[in-house]
Amino acid sequence: MTLTLYNTLTRRQELFEPLEPGKVRMYYCGVTVYDYCHLGHARACIIWDVVRRYLQWRGYEVRFVQNFTDIDDKILNKARQEGSSMEEVAERFIQAYFEDMGRLNIKEADEYPRATHTLDGIQRLIHELEHKGYAYPAQGDVYYAVRRFPEYGKLSGRKLEDMQAGASGRVGVEDPEASKKQEANDFALWKAAKPGEPAWESSWGAGRPGWHIECSAMVRDRLGDTIDIHAGGADLIFPHHENEIAQSEAVTGKPLANYWVHNGMVTVNGEKMSKSLGNFITIRELLDRPTDPMAIRLFVLMAQYRKPIDFTQDAIAAAQNGWNTLKEGLLFGYEYGGQLGWAVREAENPPIQNPQVERFQSAVDDDFNFAGGLAVLFELAKELRKEGNLLVHQGKTETPPQVLEQQWHTLVTLAQVLGLAAKANDEAAQPSPGLSDAEIEALIQQRQSARKAKNFAESDRIRNELQAQGITLIDQAGGVTRWHRN
RNA sequence: GGCGGCAUAGCCAAGUGGUAAGGCAAGGGUCUGCAAAACCUUCACCCCCAGUUCAAAUCUGGGUGCCGCCUCCA
């Protein structure tokens, strides 16, 4: 089976072939650290986290690099507002990033380069661009001359002539840099320091890098001239990724990345979730509501990664219900494995080959169709949940234990690929000091007597009392009452 | 104005030529003193029009609607 993915550059779905067989070099444009991450960031991080996990599961050795933009006007503004420094602000939100993403079960990248740690590489690149005639200095700034790069626009599919400056309506008509630029679409590689701003020395004078150049420099430093996969939000296609291509390829003469992949936006009431619209919800707000982190992952993975997804309370609730189903399946082995005589162990993921795995893989191989893959997990989980219920309600099941064990291992393995994990001791960890088994049995006996005497008020009282302590009674045909702790 | 994308049940969503996965929600049934739980079960001709084809949700052309980007952006 072969993996194909949609390449923004060619606007086609293509067979995935890494530069070096078996190895994948992947870069994800991370966040600018001036505030807490919101659900939109979470979506991007979850998607690329799962893509990475999937590639690894498919047998690739993946080197995954993700940057932090820690030099930026918005960080400076934030620092100014609160009377601290850019470093202080950046550091704080990097920490917050790790907390939030840790809670969402995002695996850490192999490296997290930062703009402030990449100044050498950035300056080297600007120098090379200057020498090759792609960049020009202007009053302490340095700009990229977009006209000089004939392929400018190839990623976003636009021509310079077609671009209407300020058409988005978000840009003020008077661009303070306009007088220094040769052309409106030229962009800053280096910005002269204004008084009181953090600055680095350079041959153009004290200043700081523009936004796009850091990624070109980091990719080159950490992964080489050409990488396999370059990922990011769809809103970065233009200008950010377009500019990265212009910077890197002008210098190296080689493709920056063979596959450009972009995730769709999270919307609220059909509008993009963003800081400027103020319609965002931060990850920590959402988690503290509380929302199960796995429900958030599921919410994201149920949708095709390139399409927009609309955030609503109902959608999260539906994802939570869906997760409850998967969780019951995932906990099956821990709860019933012993009873079924398995050697219950933490599920490793040894290669498994069976129809479910094949169905999962052929779905996800098709441009990361996680929703299609999830259908397999749901089928397994529902089956296991049913078997678990049979064990609770009837004390037995007709299905051979080896079959159940196999299904469970498949489910756990596939769930791990998606970063979905149910903690075995989630509830078990909570000490249940309440009633002992014997006390419960005694109460049930009392209730049975009451029922026989048709004293239903009393029998219901006992049932409610037990329920209040987290003990659910199951009245079966034939007058037998089973019970279990919730 | 330019470029790109999307349109499948109440909601989310897969399916890219052969007669509609999966999830959530909802309804019905069995069981029960009632309930809960559980189990069984029901639920779409795919935005509109025209065309290609033995056959189209799937291809082509034309509409309509929605979204993203056009130098803040995941």
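Note that this is a predicted model, so its numbers are computed, not measured. To find a chain, count down the sequence lines: A is the first, B the second, and so on, and within it residues start at 1.
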Gap between atoms [atom1] and [atom2], on [X] and [N] respectively (whole Å):
X: A:Leu277; N: B:A74; atom1: CG; atom2: C1'; answer: 15 Å
X: A:Asp475; N: B:A36; atom1: CG; atom2: P; answer: 12 Å
X: A:Asp366; N: B:G15; atom1: CG; atom2: P; answer: 6 Å
X: A:Arg385; N: B:A37; atom1: CZ; atom2: P; answer: 12 Å
X: A:Lys307; N: B:G4; atom1: NZ; atom2: C1'; answer: 15 Å
X: A:Arg306; N: B:A13; atom1: CZ; atom2: C1'; answer: 15 Å
X: A:Asn279; N: B:A74; atom1: CG; atom2: P; answer: 14 Å
X: A:Glu271; N: B:C66; atom1: CD; atom2: P; answer: 13 Å

Rounded to whole angstrom, note down the [atom1] distance from [N] over to [M].
N: B:U8; M: B:G4; atom1: P; answer: 22 Å
N: B:A74; M: B:G68; atom1: C1'; answer: 13 Å
N: B:U52; M: B:U58; atom1: P; answer: 15 Å
N: B:U64; M: B:C47; atom1: C1'; answer: 8 Å
N: B:A20; M: B:A57; atom1: C1'; answer: 8 Å
N: B:G5; M: B:G62; atom1: P; answer: 15 Å
N: B:C31; M: B:G65; atom1: C1'; answer: 50 Å
N: B:U30; M: B:C12; atom1: C1'; answer: 31 Å

Return no unless some side-chain N or O of [X] is found under 4.0 Å from OP1 or OP2 of [N].
X: A:Thr325; N: B:C24; result: yes
X: A:Lys272; N: B:C66; result: no
X: A:Lys275; N: B:A74; result: no
X: A:Asn321; N: B:G23; result: no

Across the strands shown, which category fits [X] at heavy-atom distances under 4.0 angstrom: base, sugar-phosphate, nothing?
X: A:Gln394; value: nothing
X: A:His38; value: base
X: A:Gly264; value: base
X: A:Val266; value: base
X: A:Glu379; value: sugar-phosphate
X: A:Leu473; value: base
X: A:Ala371; value: base
X: A:Ser156; value: sugar-phosphate
X: A:Trp211; value: sugar-phosphate
X: A:Arg447; value: base
X: A:Asp73; value: nothing
X: A:Leu236; value: sugar-phosphate
X: A:Cys37; value: nothing
X: A:Lys452; value: nothing

Any strand: nucleotide that pairs with [N] via Watson-Crick or wobble, under 3.5 Å:
N: B:C72; value: none
N: B:G4; value: B:C67
N: B:A20; value: none
N: B:A26; value: B:U42
N: B:A50; value: B:U60

Go through [options] for me and flag the one nearest to the [X] side chain.
X: A:Arg158; options: B:C69, B:C72, B:U32; answer: B:C69
X: A:Phe238; options: B:C70, B:C72, B:C24; answer: B:C70
X: A:Asn389; options: B:G33, B:G4, B:A38; answer: B:A38
X: A:Lys386; options: B:A74, B:C72, B:C40; answer: B:C40
X: A:Asn369; options: B:A74, B:C73, B:A14; answer: B:A14

Between the side-chain atoms of A:Arg463 and the base atoms of B:A36, is any donor-acceptor pair under 3.5 Å? no
Quiz question: going by heavy-atom distance under 3.5 Å, is there a donor-acceptor pair between the base of B:G33 and the side chain of A:Ser459?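 Such a pair exists between side chain and base.
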More than 12 heavy atoms of other residues, nucleotides or ligands under 6.0 Å from CG of A:Asn269: is that the case? no
Looking at A:Lys194, I'd like to know if its NZ atom is crowded, meaning that more than 12 non-hydrogen atoms belonging to other residues, nucleotides or ligands lie closer than 6.0 Å. no
Look at [X] together with [Y] and state whether they make a salt bridge at an N to O cut-off of under 4.0 Å.
X: A:Asp141; Y: A:Lys191; result: no
X: A:Arg463; Y: A:Glu458; result: no
X: A:Arg92; Y: A:Glu82; result: yes

Return the 5'-most residue of the pair A:Gly157, A:Gly233 with respect to RNA chain B, ranking by each residue's nearest nucleotide.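 Whichever sits nearer the 5' end wins; that is A:Gly157.
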5'-most contact on RNA chain B: A:Gly270 or A:Asp314, nearest heavy atom basis?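 Closest to the 5' end, via its nearest nucleotide, is A:Asp314.
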With heavy-atom distances below 4.5 Å as the criterion, would you say the side chains of A:Lys307 and A:Met265 are in contact?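 Not touching, per the 4.5 Å side-chain cut-off.
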Using every non-hydrogen atom in the two residues, find where A:Glu242 and A:Glu151 come nearest and quote the distance to one decimal. OE2-O, 4.3 Å
For A:Phe16, the option from A:Ile229, A:Thr2, A:Asn7 that meets side chain to side chain contact (heavy atoms under 4.5 Å, CB included):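 Answer after filtering A:Ile229, A:Thr2, A:Asn7: A:Ile229.
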Among side-chain atoms of A:Gln320 and A:Thr291, is any donor-acceptor pair under 3.5 angstrom?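 The criterion, which ignores hydrogens and geometry beyond distance, is not satisfied for A:Thr291 and A:Gln320.
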Taking atom types as modelled, is there a side-chain donor on A:Thr397 or A:Glu387 under 3.5 Å from an acceptor on the other? yes
Would you say the base of B:G33 stacks on A:Phe456 (centre-to-centre below 5.5 Å, plane angle below 30°)?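 A stacking contact exists, since A:Phe456 sits close and nearly parallel to the base ring of B:G33.
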